[in-house]
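As C-alpha cells, the structure follows; a few thoughts come after it.
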Amino acid sequence: MIHTQAGPPRLPTVREAGTAAAAVVALTAVLALFVKVADLLAERHAGLLDHTVLSEAVEHRSSAMTVFMEAVSTAAEIPLLVAAVLLACAVAWQGRSWRPLVVTGGAGGLSVLLATLVKEVATRTRPPLATAVVQETGFSFPSRHTTVATALLLVMAYLAARRARSRKTSVLWWVAALALSGLVASSRVYLGVHWATDVTAGFALGAAAALAFVTADLGYGMLRRARGEQSSTRSAAEPTARSRSRRR
C-alpha cells in the first residue's frame with residue numbers, strides 16, 4: 001500500500017496578505033481613535049471642541065443646506081440598510097456563498113450592539129434643544145446613526161472593491177464610503193442632535209465593527225483556499241498512486 005502526502009498548505013499571495021494586514025492595521029487605528037475620544041470625554045476635555053463646532057454649524061445654517069442634511073440623515077437609515085442588504089444578496093448569489101450576507105449582517109448587528117452599550121455606559125446628554133433642527137431622544141455618545149451607517153458603508157465598499165476590475169476602482173469604492181460616512185456624521189452635528197465627539201466615536205465604532213468582520217472574512221477565505229488546494233493536491237496524487245500499485 002502506497003501512502004501519498006499532500007503538499008504543503010498554500011501560502012497567501014502578496015495581495016491577500018497585504019489586504020489582510022491593512023485591515024488589521026485599520027482596525028487597530030479606529031479602536032485607538034475611539035479610546036482617545038472616550039478619554040477626552042471622560043476627562044471633560046471635549047467641551048470646548050464640541051461647543052465650538054456646534055456653534056459654527058448653527059451659525060452657517062441655510063434653508064437649502066438644512067433640507068440637504070435632513071435628506072442625508074434620513075437616507076442613512078432604512079434606505080442605506082436596504083441598499084446594503086440588496087448588495088449583499090447580489091454578491092452572495094453571484095458567488096454562490098453566504099459569506100457576504102454574514103459579513104453585512106454581522107457588521108450591522110455588531111455596530112448597533114456596540115453603540116447601544118456605550119450609550120448606556122456614557123449616559124451623555126444631547127446638545128440643547130434650542131440648537132436642534134430635528135427632535136431626537138436617548139443618550140448622545142456615541143452617535144448610533146453614524147456608527148451603523150459607517151459599518152454598512154464600509155462593508156458595501158469591501159464587497160464592491162473585492163469585485164472591482166482595477167485597483168483604482170477598488171480605491172474609489174473605499175474613498176466613496178469614507179466620504180459618505182463623513183457626510184452622515186456631519187449631518188448629525190449640523191442638525192444639532194449630536195456633538196462632534198459623538199459622531200467621531202460613532203465613526204470609530206462603526207469602522208471597527210465592519211473591519212472586524214472584513215478581517216475575519218479575509219482570514220477565512222485564505223484558510224479555505226489553502227485547504228482547498230491541499231485537498232486538490234491529494235486528489236490528484238491518488239490516481240497516480242493507484243496506477244503504480246497496479247503495475248507492481
Side-chain angles (χ1 to χ4, degrees), residues 30-31 33-42 45-84 107-157 175-211:
V30 294
L31 287 174
L33 174 61
F34 174 77
V35 171
K36 179 62 177 178
V37 176
D39 183 63
L40 286 175
L41 185 63
H45 293 157
L48 178 60
L49 171 64
D50 283 332
H51 283 88
T52 300
V53 173
L54 182 60
S55 297
E56 287 294 318
V58 171
E59 183 179 348
H60 293 88
R61 280 176 183 162
S62 66
S63 299
M65 183 59 71
T66 298
V67 171
F68 174 71
M69 288 299 190
E70 286 180 322
V72 169
S73 184
T74 300
E77 296 181 292
I78 301 300
L80 177 59
L81 176 60
V82 171
L110 181 58
S111 67
V112 173
L113 178 63
L114 290 175
T116 302
L117 288 176
V118 176
K119 275 180 178 290
E120 294 301 320
V121 172
T123 63
R124 189 187 197 188
T125 57
R126 292 182 182 271
L129 289 176
T131 65
V133 175
V134 296
Q135 300 300 313
E136 295 283 358
T137 58
F139 296 121
S140 187
F141 183 91
S143 166
R144 185 161 44 209
H145 214 97
T146 305
T147 303
V148 178
T150 299
L152 293 178
L153 285 166
L154 291 183
V155 163
M156 291 173 73
V175 171
L178 291 172
L180 289 174
S181 175
L183 183 59
V184 172
S186 299
S187 74
R188 303 304 286 170
V189 176
Y190 178 90
L191 295 174
V193 294
H194 278 293
W195 304 103
T197 47
D198 295 341
V199 297
T200 303
F203 167 81
L205 277 184
L211 290 169

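No experiment lies behind these values; they were computed from the predicted model shown.
- For the atom pair Leu154 CG and Leu152 CG, the distance stands at 9.0 Å (nearest 0.5 Å).
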Contacts under 3.5 angstrom, residues 177-184 side chains, donor-acceptor by atom type, not counting sequence neighbours:
{"unit_1": "Ser181", "atom_1": "OG", "unit_2": "Thr150", "atom_2": "OG1", "d": "2.6"}

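- Note that OG1 of Thr74 is 7.0 Å distant from NE2 of His145, once rounded to the nearest 0.5 Å.
- Taking every heavy atom of both residues into account, Ala46 and Thr197 meet most closely at CB-CG2, 3.9 Å.
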Distance-only check: which donor-acceptor pairs under 3.5 Å involve side-chain atoms of residues 108-118, not counting sequence neighbours?
{"unit_1": "Ser111", "atom_1": "OG", "unit_2": "Ala107", "atom_2": "O", "d": "3.3"}
{"unit_1": "Ser111", "atom_1": "OG", "unit_2": "Gly108", "atom_2": "O", "d": "2.6"}
{"unit_1": "Thr116", "atom_1": "OG1", "unit_2": "Val112", "atom_2": "O", "d": "2.8"}
{"unit_1": "Thr116", "atom_1": "OG1", "unit_2": "Arg144", "atom_2": "NH1", "d": "2.9"}

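- Taking both residues in full, the closest heavy atoms of Ala196 and Thr200 are given as O-OG1, 2.9 Å, listed atom of the first, atom of the second, then distance.
- The distance from atom NE2 of His194 to atom CD of Glu136, rounded to the nearest 0.5 Å, is 6.5 Å.
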Passes side chain to side chain contact (heavy atoms under 4.5 Å, CB included), His45 versus Asp39? Steps please.
CA-CA 8 Å; His45 293 157; Asp39 183 63; over 6 Å; no

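- Note: Thr52 OG1 to Leu48 CG = 4.5 Å, rounded to the nearest 0.5 Å.
- The two residues Glu70 and Val133 have their closest heavy-atom pair at OE2-CG1, 3.6 Å.
- Under a 4.0 Å N-O distance rule, the pair Arg188/Asp198 does not qualify as a salt bridge.
- Of the inter-residue distances, the one linking Ser62 atom OG with Tyr190 atom OH reads 4.5 Å to the nearest 0.5 angstrom.
- Judged by distance alone, with hydrogens and angles left aside, the side-chain atoms of Arg126 form a donor-acceptor pair with the main-chain N or O of Val193 at under 3.5 Å.
- The OG1 atom of Thr123 sits 11.0 Å away from the CZ atom of Phe141 when rounded to the nearest 0.5 Å.
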Test log, rule side chain to side chain contact (heavy atoms under 4.5 Å, CB included), inputs Ser73 and Leu191:
CA-CA 9 Å; Ser73 184; Leu191 295 174; 3.8 Å; yes

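- In this structure, the side chain of Trp195 engages the main chain of Thr125 through a donor-acceptor pair within 3.5 Å.
- At least one donor-acceptor pair closer than 3.5 Å links the side chain of Ser55 to the backbone N or O of His51.
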